[in-house]
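Basis for what follows: all heavy atoms, side chains included, without hydrogens, waters or symmetry-related copies. Convention: sequence-line order gives letters A, B, ...; per-chain numbering from 1. These numbers come from a predicted model, not from an experiment.
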There are 2 protein chains.
Amino acid sequence: MESAQESPSTRKSARESLSERAYRDLKAQILENRLSVGRQYMEQEIAERLDMSRTPTREALIRLANEGLVEIRPRHGMRIKPISRDDMREIYEVLTSLESQAAALAARRSLSKAEIDAMRRAVADMDAALKDDDLESWAEADERFHRLLVEYSDNRRLIALVGTFIDQSHRVRMITLRMRPRPTDSNQDHRAVVEAIARGDADEARRVHRTHREKSGRMLIDLLATHGMTEI
Amino acid sequence: MESAQESPSTRKSARESLSERAYRDLKAQILENRLSVGRQYMEQEIAERLDMSRTPTREALIRLANEGLVEIRPRHGMRIKPISRDDMREIYEVLTSLESQAAALAARRSLSKAEIDAMRRAVADMDAALKDDDLESWAEADERFHRLLVEYSDNRRLIALVGTFIDQSHRVRMITLRMRPRPTDSNQDHRAVVEAIARGDADEARRVHRTHREKSGRMLIDLLATHGMTEI
DNA sequence: GAATAAGTTAACGTATACAATAATTCTCGC
DNA sequence: GCGAGAATTATTGTATACGTTAACTTATTC
């Protein structure tokens, strides 16, 4: 897959359809929280915002609805789906399951030194970021770690699914990033996962990662509860 | 015109859109293997087959493509996605993960007597079907068992996902149904899962169900291999 | 006969037209 | 002021029109 990334305004983007662009732009706007959650947007409105007709807009909306980011309500337009505490529970239950499976699969394959090193580097970067109290960097490295782990599963469906649910919960994670306690033992967990994978110990990798995700999921949901946030 | 008749009790006020009907009809045709796998169907052709214009047809195709049942190839029409051995590996890895999580979640909730009984009945029906050498009935009860298990997870996302992957592999399962050895110890496994859930033993339920799915996944893939089937 | 260029076809992507109808506003009797 | 029903509006769902361009065909050259 060639990534011909040009400035979209000047360069008539080679072969990307409007429908595709609508999907990517809209998704980006949602993830960056540039659209008000809960508010209704008419198809026409979205289409104008994207500077195209309703047809490709609708096609993008269908895809986004399938991914659970958006809800299409027949006579009321679409709205960004707010994430409730219960949604977060569901999302984390699914992520826990899929990612711990990914850890086991990664352990079963014998990863190259380079692949293991990439994960170790992510963990090291998290340590460093934590030492500097740089939450931004920590979040970046954390995301990188999880992405690598899942990629090493060698299962395209698994990779796509995890991506979908990471996206669904993205907003919540960003918002709660500054409310949560310093993720010290999170790093501990990650290290244990990497080492289990390096040893090829699938059961241990799965177990440790599951425990890790269960813990962080519970923490996040408690956080929402104590701050009285019911929908984000 | 077609009569949108429901059972009188479940009156649905909103009429079903063509787009929705296209999705359901097409999906049904795919699952029932009424469309040739691999062949190209032009949008126009599908639209005529469904007796509507291209617009709702396209919308249905987008959804089916998202679910992985169909592939849209820009100038060549759509085609039913053939399932390779590698696809089956991926699908079963995902299903194994999600369903065993469902088993654990079901065990953690305390299911009602009625719910446990429904699962026990499914297992009993499988036993009976096996005794009668009635593969049809066995498959029905097996599917019912898995569906119940997942439903009891109380996680809508999990339920939807499992449905998607069951659908993706539906054709393969139907075709291999008569090639596989009699699923004797499959029933054994199911019973163990139910009893673990009934006891509220989440870890055991998860473990047993994972082992079960791994076993049946491996069996299915070996079956495809020994019969030299590379794509279905 | 192979390679290349020119010409043709047709499938798609997108815009637009339009009818159906849910939602909203208005009217009017009480 | 309130509710029922009529009238109006707005938004969607669907059909259709149409330009673009990938894919295919034919012509031309060596």
Inset, instruction - Quickly work out the A/Glu20 CD to C/dC12 P distance and round it to whole Å. - result: 17 Å
Inset, instruction - Calculate the interatomic distance between A/Leu50 atom CG and C/dA15 atom C1'; express it in whole Å. - result: 15 Å
Legend entry - Min side-chain heavy-atom separation A/Leu26-A/Tyr41 under 4.5 Å: no
Legend entry - Plane angle bin for B/Phe145 and B/His209 - parallel if under 30°, tilted between 30 and 60°, otherwise perpendicular: tilted
Inset, instruction - Rounded off to whole Å, could you give me the CG-to-P distance for the A/Leu18 and C/dC12 pair? - result: 17 Å
Inset, instruction - Have a look at A/Thr55 and say if it touches a base, only the backbone sugar-phosphate, or nothing, with a 4.0 Å heavy-atom cut-off. - result: base
Legend entry - Residue from B/Glu71, B/Glu231, B/Glu43 passing salt bridge (Lys or Arg N to Asp or Glu O under 4.0 Å) with B/Arg79: B/Glu71
Legend entry - Minimum-distance nucleotide (side-chain atoms of B/Arg58 versus C/dC12, C/dG13, D/dA15): C/dG13
Legend entry - Short N-O contact, A/Glu45 and A/Arg49, less than 4.0 angstrom: no
Inset, instruction - Mind calculating the distance between CG (B/Leu61) and P (D/dT14) to the nearest angstrom? - result: 14 Å
Inset, instruction - Give the rounded distance in Å between these two atoms: CG of A/Asp51 and C1' of C/dA15. - result: 13 Å
Inset, instruction - Measure from CE on B/Met78 to C1' on C/dG13 and round the result to the nearest Å. - result: 18 Å
Legend entry - Polar side-chain contact B/Arg75-D/dA23 base: donor and acceptor under 3.5 Å: no
Inset, instruction - Find out whether B/Arg58 and B/Ile46 are in side-chain contact, i.e. whether some heavy atom of one side chain is under 4.5 Å from a heavy atom of the other. - result: no
Inset, instruction - Map B/Pro56 and A/Gln44 onto DNA chain D by nearest heavy atom, then report which one ends up closer to the 5' terminus. - result: A/Gln44
Inset, instruction - In whole angstrom, give the distance that lies between atom CD of A/Glu59 and atom P of C/dC12. - result: 12 Å
Inset, instruction - Test for a donor-acceptor pair under 3.5 Å between the base of D/dG13 and the side chain of A/Arg54, counting only N and O atoms. - result: yes
Legend entry - Upstream residue (5' side of DNA chain C) when A/Ser53 and A/His76 are each assigned their closest nucleotide: A/Ser53
Inset, instruction - Would you indicate which nucleotide in D/dA15, C/dC12, D/dT12 comes nearest to any side-chain atom of B/Met52? - result: D/dA15
Inset, instruction - Specify the separation, in whole Å, of atom OH of A/Tyr41 and atom P of D/dT11. - result: 15 Å
